[in-house]
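Since the structure comes first, as structure tokens, the remarks are kept for the end.
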Amino acid sequence: MNLSLIDPFVLAQDYPDTLSEKLRSGHATCLRFNRKGDYLASGRVDGTVVIFDIETNGVARKLRGHTRQIQSLRDGRYLLSSSQDWKCILWDLQDGSRVRTVRFEAPVYIAELHPYNHLLFVASLFEDQPVLVDVSSPKPIKRILPSAPYRPPPPESEEVDPAVAAKQAAQDAKHSTCVTIFTALGNHIIAGTSKGWINIIETQTCTTIHSTRLCNGVVILIRLARNGRDLLINSSDRVIRTILMPDLSQLGIDLEPANIKLQVEHKFQDVVNRLSWNHVTFSSTSEFVTASTFMNPDIYVWERSHGSLVKILEGPREELGVVEWHPSRPMVVACGLESGYIYTWSIVTPQKWSALAPDFGEVEENVEYVEREDEFDVHPAEEIHKRRLDQEDEVPDVLTIEPHKSGADDDMESFRMPVLLDISDSESEEDIVTVGPGTMRRRSPGAGRELNDGDKDSASGRNGTTRGQRGRRR
């Protein structure tokens, strides 16, 4: 019935258009949806990970284990958080416990979980080599990944100049990996370097099988679409690129490493203002590309089919950092760099009340209504009783929650995190807090400031002493 109240043209819209609401629980620095999109993980400046329930906008869980700013999150049944305190923590959201804690020799820039093995992840470090970490045992196993690009061996008939080879080796040694992600199957790792190269590394052997020079700047961020075949790359040359990847699962069967080609599909940039991009992401269907801008409060949305700009989402009066798109809805969230608020853009649907009944008519302003002669006649009791019985034939089920199908990987992830119902644990910093699933209330002014009996006694004792001192002073 609710769908009939919505304009069908609004239902066909695939991207948001209005800043609808904002959330806050501390100063957020990074965001990540889970695969179903019912929870939003937020990393704070103080190292706390806050998980919001999207339906109630309340805090479902708080995870405390880091001491500095959270750099990246990877959400699912198991959540991986990386921080500037040189640690990565693997959390179990079933009970909020820590599965593993891994410490590195440098601050962690970004970390990514394996798509199928939650005990395997890859981490990019500040001014250090990236590592592939296996935490299946209590003592983690770290394997260093190469940052130098792959150079095909020269033919045996050609002689290699030692001076040229030494110069090339010196240049390759200057490469450092800035970001690493897994492919859709997890058999390969895609790494972006500080010299603008894209390396494809085998996960099992940790060797580079292909390298492509993409740009002259630094590869800042790499995002993989849900189909696993499209790459979104943000670089320091102020150009966002979408790349079509070959099917790496066919390596050794129908595809050779020498035949791998990364084809650039579109380049998105602001030629007039020469804007830099803070963060980029794909839409839920990979039809749109979204980016937040440097020193600008707007969010740009491009359409991939034509490579054209379709919408500029006007944001608050502050620069926005990480931007994320909901996995199944036309909804975009971003965090403000100054305030730490989490802003949400969605589609505000005006309701069509004329769809409730065929004879309803919507008017822009109040009009005088003329009552019909038989409109409020009293009907016989038998007819009223018959209508009531007809309505009671169908019993509505208001307790069963039907699973929301948003993709093929929903069957793989059947986990649903239990929401904490304790107000002190699920308390957010907004005026509206969640009490339970689907239940919200307005925060009372003195919430969280109650004193226990001992504190009350000590407080009254202190007050009495103060009053006595005041009396003696008089």
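Just so you know, residue 1 is the first one in the sequence shown, and it goes up from there.
A distance-only check finds a donor-acceptor pair linking the side chain of S83 to the backbone of Q69 [under 3.5 Å]. A donor-acceptor contact shorter than 3.5 Å links the side chain of R304 to the backbone of S286. Checking side-chain atoms of R44 against main-chain N and O of S25 turns up a donor-acceptor pair under 3.5 Å. Proximity of a side-chain donor or acceptor of S82 to a complementary backbone N or O of I110 within less than 3.5 Å is not detected. Side-chain atoms of T29 come within 3.5 Å of backbone N or O of I70 as a donor-acceptor pair. Listed for the H266 side chain is no donor-acceptor partner under 3.5 Å among the backbone atoms of T242. Checking side-chain atoms of R238 against main-chain N and O of L275 turns up no donor-acceptor pair under 3.5 Å. The backbone N or O of L337 lies less than 3.5 Å from a partner atom in the side chain of H27, making a donor-acceptor pair. When atom types are taken as modelled, the side chain of R103 and the backbone of E105 share no donor-acceptor pair closer than 3.5 angstrom. Of the possible donor and acceptor atoms, none in the side chain of T281 sits under 3.5 Å from a partner among the backbone N and O of E324.
Within 6.0 Å of CZ in R151 there are more than 12 heavy atoms belonging to other residues, nucleotides or ligands. More than 12 heavy atoms of other residues, nucleotides or ligands shown are found within 6.0 angstrom of CG on L185. Enclosure of atom NZ in K142 by more than 12 non-hydrogen atoms of other residues, nucleotides or ligands within 6.0 angstrom is indicated. By the 6.0 Å contact criterion, CD on E314 is open, its count of non-hydrogen atoms from other residues, nucleotides or ligands being 12 or less.
Nearest heavy atom pair, residue L119 against residue D134, reads O-OD1, 3.3 Å. Scanning both residues, A123 and T180, for their nearest heavy atoms gives C-OG1, 4.2 Å. Across D237 and R274, no two heavy atoms sit closer than the pair O-NH2, 4.1 Å. The two residues Q71 and V108 come nearest to each other via the heavy atoms CG-O, 3.2 Å. In terms of heavy atoms, H175 sits closest to T193 at ND1-OG1, 3.6 Å. Here the closest non-hydrogen pair linking P149 and W197 is CB-CE3, 3.5 Å.
Looking at Y150 and I200, their side chains never come closer than 4.5 Å, going by heavy atoms from C-beta outward. Inter-residue side-chain proximity for R100 and F121 is flagged as unmet; no heavy-atom pair is nearer than 4.5 Å. The closest side-chain heavy-atom distance from F52 to V50 is below 4.5 Å. At a threshold of 4.5 Å between non-hydrogen side-chain atoms, the residues S283 and D14 do not count as touching. Put simply, the side chain of H188 reaches to within 4.5 Å of the side chain of I209, judged on heavy atoms. The closest side-chain heavy-atom distance from I342 to S42 is below 4.5 Å. Within the 4.5 Å cutoff, the side chain of L320 has no heavy atoms near those of the N278 side chain. Counting heavy atoms from C-beta on, the side chains of L93 and L63 come closer than 4.5 Å.
Between the side chains of S328 and S284, no donor-acceptor pair is found at a separation under 3.5 Å. No hydrogens or angles considered: nothing links the side chains of N187 and T203 as a donor-acceptor pair under 3.5 Å. Counting only N and O atoms by type, the side chains of S235 and R241 include a donor and acceptor under 3.5 Å apart. Residues S147 and Q129 bring a donor and an acceptor atom of their side chains to less than 3.5 Å of each other. H210 and T212 share a side-chain donor-acceptor pair at under 3.5 Å.
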Quiz prompt | Step-by-step salt bridge (Lys or Arg N to Asp or Glu O under 4.0 Å) determination, E55 to R329 | solution = CA-CA 13 Å; E55 297 299 329; R329 304 180 190 173; 2.5 Å; yes

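Distance NZ/K261 to CG/N259: 7.5 Å, rounded to 0.5 Å. Here the straight-line distance linking atom NE2 of H279 with atom CG of L221 works out to 4.5 Å at 0.5 Å rounding. In this structure, CG on L19 lies 8.0 Å from OG1 on T344, to the nearest 0.5 angstrom.
Using a 4.0 Å cut-off between a side-chain N of Lys or Arg and a carboxylate O of Asp or Glu, D92 and R77 qualify as a salt bridge. Look at R143 and E202 and you find no salt bridge, because none of the NZ, NE, NH1 or NH2 atoms lies under 4.0 Å from a carboxylate O.
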Output a table of donor-acceptor pairs, distance under 3.5 Å, between side-chain atoms of residues 294-303 and any protein atom two or more places apart or on a different chain; print 'none' if there are none.
residue: N296; atom: OD1; partner: D298; partner atom: N; Å: 3.1
residue: E303; atom: OE2; partner: S305; partner atom: OG; Å: 3.1

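Cation-pi geometry between K22 and Y341 is met: the NZ or CZ atom falls under 6.0 Å from the ring centre, inside 45° of the normal.
Between F288 and W325, the angle of the ring planes stays under 30°, which puts this pair in the parallel group of the 30/60° scheme.
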